[in-house]
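A quick write-up on the structure given underneath.
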Protein chains: 2
Amino acid sequence: MQAEIITIGDEILIGQIVDTNSAFLGKELNKVGISVYQITSIQDEKAHILKALKEAEENADIIIITGGLGPTKDDITKHTICEYFNDTLIEDRDVLANVEKIFSSYNAPLLEVNKQQALVPSKAKVLMNYNGTAPGMWLEKNGKVFVSLPGVPYEMKALILDQVIPKLREQFKFPYIEHKTILTYGLGESALAERIASWEDNLPSFIKLAYLPSLGRVRLRLSGNAYDKVLVHIEIQNQINLLLPKIEDVFVGYEEDESIEALIGRLLTEKGRTLALAESCTGGRIAKSFTENAGASAFFKGGFVTYATEAKINILNVPKSLIDKYSVVSREVAEAMAKNARLLYNSDYAISTTGNAGPSKGDSDAEVGTVWIAIATADKVSSEVFNFGNHRQKVIVRATNKAFEMLKKQIEVG
Amino acid sequence: MQAEIITIGDEILIGQIVDTNSAFLGKELNKVGISVYQITSIQDEKAHILKALKEAEENADIIIITGGLGPTKDDITKHTICEYFNDTLIEDRDVLANVEKIFSSYNAPLLEVNKQQALVPSKAKVLMNYNGTAPGMWLEKNGKVFVSLPGVPYEMKALILDQVIPKLREQFKFPYIEHKTILTYGLGESALAERIASWEDNLPSFIKLAYLPSLGRVRLRLSGNAYDKVLVHIEIQNQINLLLPKIEDVFVGYEEDESIEALIGRLLTEKGRTLALAESCTGGRIAKSFTENAGASAFFKGGFVTYATEAKINILNVPKSLIDKYSVVSREVAEAMAKNARLLYNSDYAISTTGNAGPSKGDSDAEVGTVWIAIATADKVSSEVFNFGNHRQKVIVRATNKAFEMLKKQIEVG
């Protein structure tokens, strides 16, 4: 069973927004056994939309269309779909009531264009959008399903999870798809590939392997696809059991949909341990990563973003003499930051970062890319130095990732 | 002149990664006058790649292909392009030297698969990749240009900016495209559309308008497209001058490629003012947003992420009695946080956030979504309360955006 995703909107083609909807759709469709054959992003332009619908109908069984359902003149998806189905628009009373309810809750006047959101093709089954005014629409043609959804991510997501996926599962029988991802670090893509070559060659045909390298890590993704769920599930686990002994540095326990910081948060919460942060060059990114996940308050006491050198002295009580002697990017300062953050927040662990993310040298002579990361526990403070290159964003992300790795190792040893 | 972008990789289709390359490519191509007709994302599968190349050749003049150039077995783009051009692979000596240099700088052993990165189609012009081992490749057929680039974003970006765009400009004459975006807040999409309807109806045919709503803001994008650069540039400015008086809340000075936080950073730096933060529910996101931009140290002294209630007391010196009396999500606590953060960091401004991002109630009885935001200056502390709904990520992002808006207004008044 194949799906095609069509995302509509000039803003995607000119790069004003990144299309994150497609990744969400790909992931959710895969979970229930629907492979995405192609993602096609096109402009708000009638002829092009009609062409894309026709091609998608030839290639796929399920066509998910997002975007172009807003109330303004540049949004033409609904009228174009209506034309594609030789249909006419009719007013849906329930959608109109939903639109009226939303506007009255905002105390906003209901305009004529807003009322037009209640017009839907007569052949469409309405998927009620409780988070916005544009309804989802489900249409069928020659046994193929077309679903049109608003482009606003949280509206689209709720419609997919609550209505589209359940309805697809009612209507079709899908093969079972299972992805399992192993997160490795320490080895590059090709060195890793060489090390596991014989294992890879012996994978059964219904399991595919992919290498996904990114900033100091390589994710290995195993994808099983067959109608026999038990077979796929057991064989993927078998293959992982054969694979793991061949690799040294793996984030054990990492789950496909889970970020490293969520995994660390889970470990800390299970162990009843707490964390504090003292960030300089990572500038709040580590804190932000932990607090994005619900439940962070169970383990995360708080952090400092001591960006300026004077803040490290005044706020974190790093002795000025230490900074003068060793410079602000040094083992000594990193360790003092971690140690003091732990004491000030009264936490079990504290991580600190101090470095130079570039593009130019800052309050230190350290080369661009140099980052010291320290971890403090009740017993000791340890630290390491890295050079993460000369690309500012990359330095910040790699320093954040490395801090997670160091913290995870530390949590595992106690 | 139309381009098509083809991104290749199973990881995109199953939603394991978000395709950010296409947005970058769309933006850069547009800047030099190349419209992107379509973005097509497909699997690492030979027949599908060949089909996509053929269709792109029919629709576009320039075809940019990213991904599938890694050294591992799942990467088949190069061989498939070679087949599409009825070509054979030959070893390129300069690419081999580049690969060898990269591996020796990493002190990593050079494997046979790495050496194969130096194989390129004989008809291809090599675009040397100084950031990685997979070279870019430039091929031509019936007057159409095909460019194959690695999928690693920073490798792809350097190749596009340094080599592909200059080479395209040498070879073709492009129409002039100019986008100008007005960032508005306060009015919803349809209310805004109604207010500016007569203006919109009178736009000249070579200027298109798009509405881009997101979390409390609507961006209005004007896109001019014609061969007469002066005409496009002047007319866009004319139209903006007509438009601005019709809208109240606009981020004046906002530039297309600039984030609000970069704009605020620029304003603060120009005025020689400094900023500190005391974040609770935004969890470091505000700090991270400022420090992502180079030059943050000119205005950003630092921040607190006082996530736990005890941290607000011990670290930020918020009186426990205040929290007991008013609760941790309150005007009084928000204002104390901002005031104390400003004093501790000795900054001109401080912003604080305290709220409940959900999904469940935290250390306060405040409803999920409630956020207090306070701003402290030398003279006064002011604050506002908001409800940003019940979606955790959305609450964090909207609170961050609102803090930026409040800070920007404060900076403008002094």
Side-chain angles (χ1 to χ4, degrees), chain A residues 10-11 13-20 23-24 26-27 30 36 38-42 70-72 74 108 111 113-114 154 179 188-191 193-194 210-212 221 283-285 287-288 291-292 294 296-297 300-308 311 315 344-345 359 362 391-394, chain B residues 10-11 13-16 18-20 23-24 26-27 30 36 38-42 70-72 74 108 111 113-114 154 179 188-191 193-194 209-212 221 283-285 287-288 291-292 294 296-297 300-308 311 315 344-345 359 362 391-394:
Chain A
D10 292 355
E11 66 276 18
L13 283 297
I14 69 156
Q16 190 153 23
I17 65 161
V18 170
D19 170 24
T20 56
F24 172 84
K27 191 175 276 184
N30 257 276
V36 175
Q38 181 167 311
I39 300 165
T40 310
S41 301
I42 56 173
T72 50
D74 56 330
L111 308 173
V113 287
N114 301 125
Y154 75 99
H179 301 289
E189 183 181 8
S190 49
E194 189 179 69
Y211 293 80
L212 307 168
R221 188 191 62 237
R285 191 182 182 93
K288 176 235 162 211
T291 58
E292 261 170 2
S297 54
F300 183 59
K301 291 213 167 181
F304 298 98
V305 184
T306 47
Y307 210 63
I315 307 278
L344 286 161
Y345 275 107
H391 183 287
R392 183 178 177 87
Q393 262 299 326
K394 213 175 125 190
Chain B
D10 293 355
E11 66 277 17
L13 282 298
I14 69 157
Q16 190 153 23
V18 170
D19 170 24
T20 56
F24 172 85
K27 191 175 277 185
N30 256 276
V36 174
Q38 180 167 311
I39 300 164
T40 310
S41 300
I42 56 173
T72 50
D74 56 329
L111 308 172
V113 287
N114 302 124
Y154 75 98
H179 301 291
E189 183 181 9
S190 48
E194 190 180 67
L209 177 74
Y211 293 80
L212 307 168
R221 189 192 62 235
R285 191 183 181 92
K288 175 236 164 211
T291 57
E292 261 171 2
S297 54
F300 183 58
K301 290 212 168 181
F304 298 98
V305 185
T306 48
Y307 210 64
I315 307 279
L344 286 162
Y345 275 108
H391 182 288
R392 183 179 177 86
Q393 261 299 324
K394 212 177 127 191

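Quick note on labels: first sequence line is chain A, next is B, and so on, each numbered from 1. Excluded from the calculations below are hydrogen atoms, water molecules and symmetry mates; all remaining heavy atoms, backbone and side chain alike, are included.
By number of non-hydrogen pairs under 4.5 angstrom with chain A, the leading residue of B/Asp10, B/Leu209, B/Asp19, B/Thr306 is B/Asp10. Across A/Ile17, A/Val113, A/Thr20, A/Thr40, the residue that shares the most heavy-atom pairs under 4.5 angstrom with chain B is A/Thr40. Each of A/Gly188, A/Gly26, A/Ser41, A/Pro71 has some count of heavy-atom pairs under 4.5 Å with chain B, and the biggest count is that of A/Ser41.
In terms of heavy-atom proximity, B/Gly284 sits nearest to A/Ala287 at CA-CB, 4.3 Å. When all heavy atoms of B/Tyr345 and A/Ala311 are compared, the pair lying nearest together is CE2-CB, 3.3 Å. Taking each heavy atom of A/Asn114 and B/Ser190 in turn, the nearest pair found is ND2-OG, 2.5 Å. B/Val18 and A/Ala23 make their closest contact through CG2-CB, 3.7 Å (heavy atoms, listed as atom of the first residue, atom of the second, distance). Of all heavy-atom pairs between A/Tyr307 and B/Ala296, the closest is CE2-CB, 3.8 Å.
Side-chain contact between A/Ile39 and B/Leu13: present, with at least one pair of heavy atoms (C-beta onward) separated by less than 4.5 Å.
For B/Ile315, the part lying under 4.5 angstrom from a heavy atom of chain A is the side chain only. Contact of A/Glu189 with chain B is made through backbone and side chain together, with heavy-atom distances under 4.5 Å. With a threshold of 4.5 angstrom between heavy atoms, B/Phe24 does not approach chain A through any atom at all.
For the atom pair B/Gln16 CD and A/Arg221 CZ, the distance stands at 5.0 Å (nearest 0.5 Å).
Exactly one of B/Arg285, B/Lys288, B/Lys394 qualifies for a salt bridge (charged side-chain N to carboxylate O under 4.0 Å, His left out) with A/Glu292. That residue is B/Arg285.
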